[in-house]
Structures are given as C-alpha cells and as structure tokens.
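Atoms within a ligand are numbered from 1 in the order they appear, just like the ligands themselves.
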Amino acid sequence: MEHTEREAWRATLGYWLACGWEFRSGSRLEFDASPPRARVGQRGVGVSVTPTLPIPAIASPGHGPVEVDVNRAIPKPPSLPPVVASELPWPAPVPGSERPALLAAMATDVAGCSRCSLAHTRTRTVFGVGNPNARVVFVGEGPGAEEDAQGEPFVGAAGKLLDQMVRAIGLQRADVYIANVVKCRPPGNRNPQAEEVAACQEYLFRQLAIIRPQILFCLGKFAILCLTGHADAVGKARGRPFSWRGIPVIASFHPAYYLRTPLRKRAAWEDLLRLMKQLRALESQGAENHAETPPPV
Ligand code: URA
C-alpha cells in the first residue's frame, strides 16, 4: 500500500473510532453538503469536528479533502434523560378548586426530597409558583442562586426578563404558572445532569397533570428535552409543533440567553406571538374549560 493511501486509511479509521459513541447511541452520521467540514449528527444535529488530517476517501471533487483531528475529544452529546411521561398514568382531571391543595402537598414532599445529590447542596427546593389553574405553564431549567435562596423560580435577572415577557402578552406573573425541570440548584449554576433530570422530572409531570394547562412554554434546552425529547439546538426546535400528552408545547430560548445576547430578543417576541395565537385559537374553539377536560393523549 502506498504511503498516502496508508495515511488516508489511518485517518479514516481514527475518525470512525473517534465517532464511535454516535453509532452506539443509535444516531446517524451526516456530512455537511459543503465540505471541508464533516458533521457528526445526533438525531440530525451537527457537531462539527475540527479538521487536521486529510480523508481523501470522503473528499469530493472541487471541495478539497475533509480533515479530522483524531486526537481532539469528541464533544459529548447532550445527555438524554429517559422521557417517561408516557409511562405515567394520566390521572383524571383534578377539579380546579382542589389544585392549590394538591400542589401545596406536593411542594411539601419535594421540600424533603433526596432523590439526587442536589439535595446536599441546595438551600431550598424551588417547587413552582403561580396560578394552579393557569392556561400557560412556563418551564425553565433549574434554580439559580437567587431562586435557591428565596425558594421561588425566576426571581433573579432572568426572572425579571421573564416577567416582562409575560406582561408583553397581556398577562401577569400571577396569571401563569412557572416551574423548572429540576427543583434544586445545580452547584455553580452548571447544567443539570441526566440523572438529576431523570430523578426530578416526575415532579414536573405531576405538576402539569394537576394544572392541565392549555399550553406549555419551554424556556431553554432542558425544558425542551424533558417535554419533547428534542435534543437538538433550541434554534432548531423553535416553531416546531411539539406536544406533551396532547398539550401543545412551544419551544423557546431561555431568558438568560437574551441577557447574554440581547440582539436575539426578537426571537422571544416571535415565540410569544405564537403563544398568543394559540391561546386565541383555543379561546375561539371555546376551550376555556381546559381545567376539567383531559387533553387527547
Ligand atoms: N433559570 C431557570 O431555568 N430557572 C429559574 O428558576 C431561574 C433561572
């Protein structure tokens, strides 16, 4: 075998080995239509692999060789907690008058929760807040420092922005319900880990089963992942028609994202318009009795 051919095989083999986890996790490999960047996709999501070695085997005429740094660690895919929503029994609708007491009892349970290691580092659990008969539930990721101290979701800087978003659609914070995927603060505001999400998401599902909102509004990738199973970038989830147990789900960025990139705030407005449109459509269908009617599963 010639030297260049041997090099090419070595690089190709290194590339596949480096990508091994992608195949083990059952996802597919995609190549960008315009090399030289090769893309490894999890459920169609592109994760770029930085080039250094040529792989003539997948180079196409006019585009030059695709190159891959086989020594570079492949970024880990976003962890996928098991989506167990559909395994939960969908209980009979709870009369609106009983919801506050049921949620309060659940909050007491959650306050003593030790299902995952976040119990050791939290100050307070952050259960959820708002109208137990809300038409809209906003779902965030997990408490930050302010929320951990006060025991209420979205009271810090991102919360101020969320309040503005809620007011922009003509509602007040007390009209909607606000909850998180995880009820305890991940130390240092790191992302919640798969096992933490897996341990905690049932609380969110039970909250939603009690409230039975008409629409769920996901704030950021963890809420989207938890309620739709969509593990791709938030930008790719926006505008797509998801539902959780028959309840429409709107996928949107986390308010903290707009604090970091204020020029993207237009996206928030677009998603809020989607929300208003769906709420109006439900109103015109006479769906105001959502509180008692189980959505189609
Ligand atoms: N970010 C969240 O996702 N939730 C909160 O409660 C606060 C900040």
> Could a heavy atom of Glu152 be found less than 4.0 Å from some atom of ligand 1?
no
> So is Gly142 close enough to ligand 1, meaning a heavy atom under 4.0 angstrom away?
yes
> So which of Glu147, Glu152, Glu146 actually passes side-chain hydrogen bond (donor to acceptor under 3.5 Å, both in side chains) with Gln150?
Glu146
> Hey, is the main chain of Pro213 close enough, under 3.5 Å, to the side chain of Arg135 for a donor-acceptor pair?
no
> Looking only at heavy atoms, what is the nearest atom pair of Cys226 and Leu204, with distance?
SG-CD2, 4.3 Å
> Among Ile250, Asp271, Ile224, find the residue that satisfies the side-chain contact (heavy atoms from CB on, under 4.5 Å) test when tested with Arg238.
Asp271
> Taking both backbone and side-chain atoms of Gly140, is any N or O found less than 3.5 Å from an N or O belonging to ligand 1?
no
> Which one holds for Pro153 and ligand 1: side chain close, backbone close, both close, or neither close, with close meaning a heavy atom under 4.0 Å?
both
> Which heavy atom of Arg190 sits nearest a heavy atom of Glu141, and at what distance?
O-OE2, 4.4 Å
> Please work out whether any backbone atom (N, CA, C, O) or any side-chain heavy atom from C-beta onward of Glu147 is under 4.0 Å from ligand 1, and answer side chain, backbone, both or neither.
side chain
> Relative to the heavy atoms of Glu141, which atoms of ligand 1 are at a distance of less than 4.0 Å?
2 (C), 3 (O)
> Report the part of His254 in contact with ligand 1, treating N, CA, C, O as backbone and CB onward as side chain, heavy atoms under 4.0 Å; options are side chain, backbone, both, neither.
side chain
> Using heavy atoms and a 4.0 Å limit, tell me yes or no: is Asn180 in contact with ligand 1?
yes
> Would you name the heavy atoms of Ala223 and Gly140 that are closest together and state the gap between them?
CB-O, 4.0 Å
